[in-house]
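Worksheet for the structure shown next.
Order of appearance sets the numbers: ligands from 1, and atoms from 1 within every ligand.
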Amino acid sequence: MSQQIIKIPQREIPVKTETDVLVVGGGPAGIGAAVAAARQGVRVMLLEKRAFLGGNITASYVETCNHFYFKTTFEEDGLYREMKDRYVSHYGRSDDTREDFPAHRFSSEYLKVFLDHFLEKEGVDVKLHAFVNEVIQTENKIDCVVIQTKKGPLAVRAKMIVDATGDGDVAYSAGVPFDQGKAGSGLCQPGTLNFRIAGVDVEKVQSQPGGLNSINKRFRQDQLAGKTGVSCTRQGMALGRLTSAGQLSYLNFCDVYMIDPTDIDGQTKGEVDGRKIVMELFEYLKTNIEGMENIELASIAPEMGYRDSRRIKGHYTLTTDDIESARTFNDVIAVYPRFYDMLALDGDWSKGRAYGSDAVYTPLKNGVSYQIPYRSLIPVVVENLLVAGRCISSDHVAESTLRAISACMLTGQAAGSGAALAIQTDAKPAEVEMAALQGILKKQGVLLP
Ligand SMILES: Cc1cc2nc3c(=O)[nH]c(=O)nc-3n(C[C@H](O)[C@H](O)[C@H](O)COP(=O)(O)OP(=O)(O)OC[C@H]3O[C@@H](n4cnc5c(N)ncnc54)[C@H](O)[C@@H]3O)c2cc1C
């Protein structure tokens with residue numbers, strides 16, 4: 001049956017405000033972009049669809065962030081490092097008692113509050129509950145971005161826009177071409193619905209040989225033996241902070257496979273199936289794990305977390321080959337440890353040991369890094385738009401490393417700085433002087449060659 005189409009009558013939308021740099025999306029990339037641009041002295045507004053900032057860290061409880069840097073020779077840099085250091089001076093270890101793997105973990109609740117103040121102090125004009133899925137274009141420029149609010153649509157006019165929505169929603173609305181998922185199948189990584197439990201007997205759990213990790217070990221054995229009663233096929237889970245009050249803050253296991261993160265039916269299936277798996281795993285833990293007999297379900301993350309979706313076509317597409325050959329670029333804006341982390345796309349974990357059939361996993365190796373070029377942040381077609389975060393121009397496997405939170409902050413920083421510099425030098429983002437941009441990034445603590 002052919003799809004029915006209805007015409008929307010012409011509308012008049014009030015222009016709410018005008019700004020210099022408009023950042024859409026308040027996750028790691030958007031925070032990086034907004035702060036970096038504001039530090040250049042231009043007016044910056046940030047639009048976030050949710051009630052809080054932080055993206056996956058807060059909305060999906062991905063509090064562990066840079067655990068892979070722990071005990072390596074790599075140094076954290078740029079705004080991620082600054083944000084983490086400032087956070088730690090406020091909140092220390094966020095009530096974490098874990099000694100088995102004491103890498104830094106944020107509390108997503110403290111982080112929400114921290115980010116409110118952080119962005120306010122930096123002079124960023126933040127608007128929450130501001131969903132963007134429409135732009136108004138004149139030729140190859142975006143004139144206004146339209147936000148959906150309780151009072152109806154409002155337009156925001158900006159000289160430069162940074163799309164940090166994770167899904168590339170602004171670029172998509174502006175008609176920029178994109179790729180999604182694995183070439184051929186189009187499959188993305190699973191969505192994961194994380195959750196928290198309370199009432200853990202901390203002493204009992206930590207006194208097991210291997211501490212908290214013993215839970216994962218036991219679960220894996222039972223899962224392989226088909227004894228868990230959990231319908232998700234994944235074999236292991238990641239665990240977050242364990243507080244002295246008995247809260248385990250992040251259980252990362254409940255995957256829903258083969259859904260499209262940009263499709264309303266896929267999103268709905270993800271949340272509903274995800275919650276079913278949460279309950280199954282919760283029951284398993286309560287019934288089988290010593291020290292968890294009295295646990296309660298404290299909270300399920302506000303939204304399912306996604307690791308990849310649209311990758312916006314840019315002036316340069318970063319490839320796995322670039323990363324493997326450690327290709328250098330004149331327009332390098334970030335250097336990042338090389339590792340790939342792509343979960344089984346089809347949910348078939350039978351062919352791999354820990355990772356599934358079409359999964360890719362290469363751990364970080366000291367000294368092995370790769371460069372990200374500025375051109376991969378500049379979309380084709382639209383002149384006054386930059387992209388940052390997991391939706392920059394790359395191939396699918398390359399995305400599985402540059403999607404890391406601190407990498408997203410670095411591309412955000414470069415996009416925000418590039419947008420501000422373009423305004424200040426009356427240039428298009430694609431034309432900014434690279435030495436000047438790299439100089440700005442270095443001043444902001446980014447480690448560049
Ligand atoms: C379960 C899971 C575990 C992970 N573990 C790790 C890990 O351990 N370490 C690590 O480094 N990375 C990890 N990641 C990856 C990492 O979380 C993401 O790749 C990263 O958060 C991407 O950052 P981003 O800013 O590009 O997008 P996001 O974090 O997705 O942020 C995008 C922001 O934009 C907002 N937004 C989206 N669309 C719109 C719109 N149309 N209008 C307005 N606002 C919008 C969203 O609400 C959100 O705040 C994990 C991801 C998942 C799902």
Requested in this report: Find out whether the Lys NZ or Arg CZ of K49 is both under 6.0 angstrom from the six-membered ring centre of F131 and within 45° of the ring's axis.
Outcome: no
Report task. Kindly indicate whether a cation-pi arrangement holds for R310 with F178, taking the cut-offs as under 6.0 Å to the six-membered ring centre and within 45° of the axis. Result -> yes
Query raised in the report: Are F282 and F195 close enough that their ring centers fall under 6.0 Å?
Result: no
**Report entry** Nearest neighbour of atom 16 (C) of ligand 1 from the list M409, K127, R403, on a heavy-atom basis
**Finding:** R403
Requested in this report: Answer with side chain, backbone, both or neither: which part of A164 has a heavy atom less than 4.0 angstrom from an atom of ligand 1?
Outcome: backbone
Report summary line: Contact region, T64 to ligand 1, non-hydrogen atoms below 4.0 Å, reads side chain
Query - Element-labelled atoms of ligand 1 that are located less than 4.0 Å from some non-hydrogen atom of F68 - result: 9 (N), 11 (O)
Query - Nitrogen or oxygen of C65 less than 3.5 angstrom from that of ligand 1 - result: yes
Query raised in the report: In ligand 1, which numbered atoms sit nearer than 4.0 Å to a non-hydrogen atom of G389?
Result: 26 (O)
Report summary line: The protein heavy atom nearest to atom 45 (C) of ligand 1 is K49 CG, 3.7 Å
**Report entry** Ring center gap for Y61 and Y250 short of 6.0 angstrom
**Finding:** no
**Report entry** Non-hydrogen side-chain atoms of V446 and Q413 separated by less than 4.5 Å
**Finding:** yes
